[in-house]
Amino acid sequence: RPDAAGWGRSLVHVTNHPQPAGVDRALLQCLDELDDLVNIWLDQVRLIAPYGTGQVDERELRDTATQVFELLLRHVAGMPVHDELAATSERVGERRAYQGVPLDAVLEAARMDFRVVWQALIDRTPPHDLPDLVRSTHRVWEAVERHVTGIMASYQRTVLEMGRMREDERRAWFVRL
């Protein structure tokens, strides 16, 4: 059954069309070099106010980014995605809502994923394979959009739940009065 991000559950996605060999090699190299992608993303995300001010713990940002990039790259490559990894988008949205990070900042940070993944793929694709990579652009874009949609849905659901809890607390206080 698909989750809020549409990833589904249990070894969710395998593409119908195999990637060209050069694109596959670039994707696998990116997976092997996740820390490099995460470091590039962290440098960029720190420029967004809530992230640059420490509102979200650095270690948590790094761990979450590692999971996100693995999720995106596995999806683009058509590799299996286990349940815990498939739920990453949902967890990010929920956690950022509880942390009080504004939704626009959360989405801006998540959309940076496309730029980081795309540049990493360009950097790791030999020139003769670049036309194949360009024909695969939509796969990267779709993976990031699915991730962003999952974050947004989870964030909004969490904000609504937090509002309901606050309202329930207010009612309880009025009953005591």
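Every value quoted in this text rests on a predicted model; they were computed, and no experiment measured them.
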Engineer: For Ala97 and Met162, which heavy atoms make the closest approach, and how far apart are they?
Structural biologist: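 Looks like O-CE, 3.7 Å.
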Engineer: Do Tyr51 side-chain atoms and Glu58 backbone N/O form a donor-acceptor pair below 3.5 Å?
Structural biologist: no
Engineer: Verify the cluster assignment for Leu160 and Leu103: are they in a single hydrophobic cluster under the rule of side-chain heavy atoms below 4.5 Å apart?
Structural biologist: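 As far as the 4.5 Å side-chain criterion goes, Leu103 and Leu160 are not connected within one cluster.
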Engineer: Tell me if a side-chain donor or acceptor on Thr137 pairs with a main-chain N or O of Val134 at a distance below 3.5 Å.
Structural biologist: yes
Engineer: Is Glu90 salt-bridged to Arg95, cutoff N-O under 4.0 Å?
Structural biologist: no
Engineer: Looking at CZ of Arg91 and CD1 of Ile151, how far apart are the two atoms once the value is rounded to the nearest 0.5 Å?
Structural biologist: 11.0 Å
Engineer: Do the side chains of Leu121 and Val23 get nearer than 4.5 Å, heavy atoms only?
Structural biologist: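 Val23 does not reach Leu121 side chain to side chain.
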Engineer: To the nearest 0.5 Å, what is the distance between CD on Gln44 and CG on Asp113?
Structural biologist: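 Separation between the atoms: 9.5 Å.
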Engineer: Quick one: do the Thr149 and Arg146 side chains pair a donor with an acceptor below 3.5 Å?
Structural biologist: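 No.
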Engineer: For residues Trp41 and Ala109, report the shortest heavy-atom separation together with the two atoms involved.
Structural biologist: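 So the two residues come closest at NE1-O, 3.1 Å.
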Engineer: Side-chain contact test, heavy atoms from C-beta onward, threshold under 4.5 Å: evaluate it for Glu60 versus Gln99 and give yes or no.
Structural biologist: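 Yes, close enough: below the 4.5 Å cut-off.
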Engineer: Which pair of non-hydrogen atoms, one from Ser154 and one from Gly93, has the smallest distance, and what is that distance?
Structural biologist: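 Shortest heavy-atom contact: OG-C, 3.9 Å.
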Engineer: So do Met152 and Val106 actually touch side chain to side chain, heavy atoms under 4.5 Å?
Structural biologist: no
Engineer: Step by step, work out the side-chain contact (heavy atoms from CB on, under 4.5 Å) result for Ile48 and Val45.
Structural biologist: CA-CA 5 Å; Ile48 301 172; Val45 84; 4.1 Å; yes
Engineer: Say you draw a straight line from CD of Glu94 to OH of Tyr155; how long is it, rounded to the nearest 0.5 Å?
Structural biologist: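 Glu94 atom CD to Tyr155 atom OH measures 12.5 Å (nearest 0.5 Å).
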Engineer: Do Met112 and Leu47 land in one hydrophobic cluster if side-chain heavy atoms of ILVMFWY residues count as linked below 4.5 Å?
Structural biologist: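 Unlinked, Met112 and Leu47 end up in two clusters.
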Engineer: Grab the two heavy atoms, one from Ala86 and one from Leu71, that are nearest each other, plus how far apart they are.
Structural biologist: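 Heavy-atom minimum between the residues: CA-CD1, 4.2 Å.
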Engineer: Does the pair Val140 and Leu72 meet the rule for a side-chain contact (heavy atoms from CB on, under 4.5 Å), with working shown?
Structural biologist: CA-CA 7 Å; Val140 179; Leu72 295 175; over 6 Å; no
Engineer: Check whether the side chains of Gln67 and Glu84 place a donor and an acceptor atom closer than 3.5 Å, and report yes or no.
Structural biologist: no
Engineer: Pairs of donor and acceptor atoms involving the side chains of residues 25-35, under 3.5 Å and at least two apart or interchain, shall be tabulated with distances.
Structural biologist:
| residue | atom | partner | partner atom | Å |
| --- | --- | --- | --- | --- |
| Arg25 | NH2 | Asp129 | OD2 | 3.4 |
| Gln29 | NE2 | Glu33 | OE2 | 3.3 |
| Glu33 | OE1 | Arg124 | NE | 2.7 |
| Glu33 | OE1 | Arg124 | NH2 | 2.8 |

Engineer: Can you give me the closest heavy-atom contact between Pro131 and Pro127, atom names plus distance?
Structural biologist: CD-O, 3.8 Å
Engineer: Is the closest side-chain heavy-atom distance between Leu73 and Val117 below 4.5 Å?
Structural biologist: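 In contact.
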Engineer: Are His75 and Arg139 side-chain neighbours, meaning at least one heavy-atom pair lies under 4.5 Å?
Structural biologist: no
Engineer: Evaluate the side-chain proximity of Ile40 to Gln119: yes if any heavy-atom separation is below 4.5 Å, no if none is.
Structural biologist: no
Engineer: Glu70: what forms a salt bridge (Lys or Arg N to Asp or Glu O under 4.0 Å) with it, not counting sequence neighbours?
Structural biologist: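 Listed in chain order: Arg74.
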Engineer: Return the NE2 to CD distance between His147 and Glu142, rounded to the nearest 0.5 Å.
Structural biologist: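 Between His147 NE2 and Glu142 CD, I get 15.5 Å after rounding to 0.5 Å.
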Engineer: Do Val116 and Phe69 make a side-chain contact, defined as non-hydrogen atoms from C-beta onward lying under 4.5 Å apart?
Structural biologist: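 Of all side-chain heavy-atom pairs linking Phe69 with Val116, at least one is under 4.5 Å.
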Engineer: What are the two closest non-hydrogen atoms of Pro50 and Thr53, and how far apart are they?
Structural biologist: O-OG1, 3.2 Å
